[in-house]
Amino acid sequence: MQQPIVGYHRDEEDHWVAELACGHNQHVRHQPPWAERPWVLTEAGRRSRLGLALGCVKCDRGEPRDTLPEA
Ligand SMILES: [Zn+2]
């Protein structure tokens with residue numbers, strides 16, 4: 001299911017995680033050559049992707065919402 005990005009945070013390994021409108025989190029790693037997402041490394045790049053829809057496999061599986069880490 002396609003879900004727009006509504007925010008971001010970093011996980012304990014310093015990888016960026018997109019927060020989707022459905023309440024699920026999805027890693028948006030920049031790990032060439034497997035995952036090329038240089039935009040995730042900059043504030044401007046991340047902001048420009050807000051609202052972009054990602055395919056959410058957790059929705060497809062009917063998984064419960066992810067809990068956000070403590071702020
Ligand atoms: Zn979802």
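Whatever order the structure lists them in is the order used to number ligands and atoms, beginning at 1. Note that the structure is a prediction, hence the values are computed from the model and not measured. Quick note: numbers below take in every heavy atom, side chains included, and nothing from hydrogens, waters or symmetry partners.
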Beyond-backbone contact of [X] with [Y], side-chain heavy atoms, under 4.5 angstrom:
X: D66; Y: V17; result: no
X: W16; Y: R37; result: no
X: C22; Y: R65; result: no

Problem set entry | Partner residues of E63 under the side-chain hydrogen bond (donor to acceptor under 3.5 Å, both in side chains) criterion, sequence neighbours left out |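 Listed in chain order: R61.
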
For this session: With sequence neighbours left out, write down each residue that passes salt bridge (charged side-chain N to carboxylate O under 4.0 Å, His left out) with D60, or none if nothing qualifies.
Result: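 Result, salt bridge (charged side-chain N to carboxylate O under 4.0 Å, His left out) vs D60: none returned.
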
Problem set entry | Counterpart residues, salt bridge (charged side-chain N to carboxylate O under 4.0 Å, His left out), relative to R46 (two or more places apart) |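 For R46 the salt bridge (charged side-chain N to carboxylate O under 4.0 Å, His left out) partners, ignoring immediate neighbours, are E43.
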
For this session: List nothing but the number: protein N/O/S atoms under 2.8 Å from the Zn ion (ligand 1).
Result: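 Of the protein's nitrogen, oxygen and sulfur atoms, 4 lie under 2.8 Å from the Zn ion (ligand 1).
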
